[in-house]
Asks: 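Here's a structure for you.
Only a predicted model underlies this, so the values are computations on that prediction, with no experimental measurement involved. Just so you know, these numbers use all the heavy atoms, side chains as well, and skip hydrogens, waters and symmetry mates. First listed ligand is number 1; within each ligand, the first listed atom is number 1.
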Amino acid sequence: MTRTPPHLCADMAELRPQIDEIDAALIDLLVERSGYIDRAAEIKATAGLPACIADRVEEVVANVRRHASARGLDPDLTERIWRQLIDWSIAREEARLGTGPAQVSGAQPASPAGSTSKAPAR
Ligand SMILES: C=C(O[C@@H]1C=C(C(=O)O)C=C[C@H]1O)C(=O)O
């Protein structure tokens with residue numbers, strides 16, 4: 001479906017379905033991403049790797065901050081969203097690995113809440 005550009009949306013009745021369509025597309029991408037998270041858990045089970053690999057978490061966050069900045073999107077908001085997504089992904093992996101929170105040695109420890117969330121870099 002070709003979306004109506006924002007500036008051509010005459011009213012909220014025309015605008016909201018465009019947002020709904022984008023949200024559905026985002027869900028499709030999250031479902032696709034979770035398939036790779038599930039495969040990561042399978043690979044890690046064989047390789048003896050933990051779900052949470054903090055260096056990779058920070059690499060992913062740096063990547064999305066860079067993409068956000070390049071597109072004029074608030075990088076701090078983007079980081080908060082992605083850290084939630086990554087926390088969810090780690091929990092999904094841990095459920096499949098049958099493990100609790102674990103860290104790769106030498107990486108930044110996870111916050112006490114076991115999440116990757118922390119104050120955005122300034
Ligand atoms: C997918 C991985 O597993 C975890 C999930 C990540 C993610 O959702 O981007 C990143 C790092 C890992 O803690 C990975 O190790 O690459």
Asks: Compare all side-chain heavy atoms of D76 with those of R65 and state whether any distance is below 4.5 angstrom.
Replies: yes
Asks: Heavy-atom contacts with I37 under 4.0 Å: which atoms of ligand 1 show up? List them by number with element.
Replies: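 Counting atoms of ligand 1 from 1, those under 4.0 Å from I37 are 1 (C), 8 (O).
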Asks: Check for a donor-acceptor pair, side chain of E59 on one end and backbone N or O of D55 on the other, with a separation under 3.5 Å.
Replies: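 Not confirmed, E59 side chain does not pair with D55 backbone.
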Asks: Determine, step by step, whether S89 and R33 satisfy the side chain to side chain contact (heavy atoms under 4.5 Å, CB included) criterion, reporting the C-alpha distance in whole Å, the side-chain angles of both residues, the deciding distance to 0.1 Å, and the verdict.
Replies: CA-CA 9 Å; S89 302; R33 192 182 198 274; 3.3 Å; yes
Asks: In the structure I gave you, are the side-chain heavy atoms of T78 and V61 within less than 4.5 Å of one another anywhere?
Replies: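 A side-chain contact under 4.5 Å is absent here.
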Asks: I'd like to check which ligand 1 atoms, numbered from 1 as shown, lie under 4.0 Å from a non-hydrogen atom of S89.
Replies: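 Those of ligand 1 that fall under 4.0 Å from S89 are 8 (O).
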Asks: Can you tell me the protein heavy atom closest to atom 16 (O) of ligand 1 and the distance?
Replies: R56 CG, 3.5 Å
Asks: So for atom CZ, which belongs to R16, do other residues, nucleotides or ligands contribute more than 12 heavy atoms lying within a distance under 6.0 Å?
Replies: no
Asks: Enumerate the atoms of ligand 1 whose separation from the nearest heavy atom of V60 is less than 4.0 angstrom.
Replies: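 What qualifies from ligand 1 is 9 (O).
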Asks: Short question: side chain of S34, backbone of V31 - any donor-acceptor pair under 3.5 Å?
Replies: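 Here the side-chain-to-backbone pair exists.
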Asks: Side chain, backbone, both or neither: which applies to L49 and ligand 1 if a contact is any heavy-atom pair less than 4.0 Å apart?
Replies: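 It is neither part, as no heavy atom is under 4.0 Å.
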Asks: Indicate, as side chain, backbone, both or neither, the part of I90 found under 4.0 angstrom from ligand 1 when only non-hydrogen atoms are considered.
Replies: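 Contact part for I90 vs ligand 1: side chain (C-beta onward).
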Asks: Looking only at protein heavy atoms, which one is nearest to atom 9 (O) of ligand 1, and what is the separation?
Replies: R33 NH2, 2.8 Å
Asks: Does a salt bridge link E93 with R96, judged by any charged N lying under 4.0 Å from a carboxylate O?
Replies: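 No.
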Asks: Quick check on contacts: which atoms of ligand 1 are under 4.0 angstrom from a heavy atom of C52?
Replies: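 In order of number, 13 (O).
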Asks: Starting from atom 6 (C) of ligand 1, what is the nearest protein heavy atom, named by residue and atom, and what distance separates them?
Replies: I86 CG2, 4.1 Å
Asks: Report the nearest protein non-hydrogen atom to atom 14 (C) of ligand 1: residue, atom name, distance rounded to 0.1 Å.
Replies: K44 NZ, 3.6 Å
Asks: Could you check atom 3 (O) of ligand 1 against the protein and tell me its nearest heavy-atom contact, residue, atom and distance included?
Replies: E93 OE2, 2.6 Å
Asks: Any Lys/Arg nitrogen of R83 or E58 sitting under 4.0 Å from an Asp/Glu carboxylate oxygen of the other?
Replies: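 A salt bridge is present here (some side-chain N lies under 4.0 Å from a carboxylate O).
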Asks: Tell me, which protein residue and heavy-atom name are nearest atom 12 (C) of ligand 1, and how many Å apart are they?
Replies: A51 O, 3.3 Å
Asks: When you measure from the side chain of Q18 to the backbone N and O of T4, does any donor-acceptor pair fall under 3.5 Å?
Replies: yes
Asks: Quick check: V57 and ligand 1, any N/O pair under 3.5 Å apart?
Replies: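 Among all N and O atoms of V57, none is under 3.5 Å from an N or O of ligand 1.
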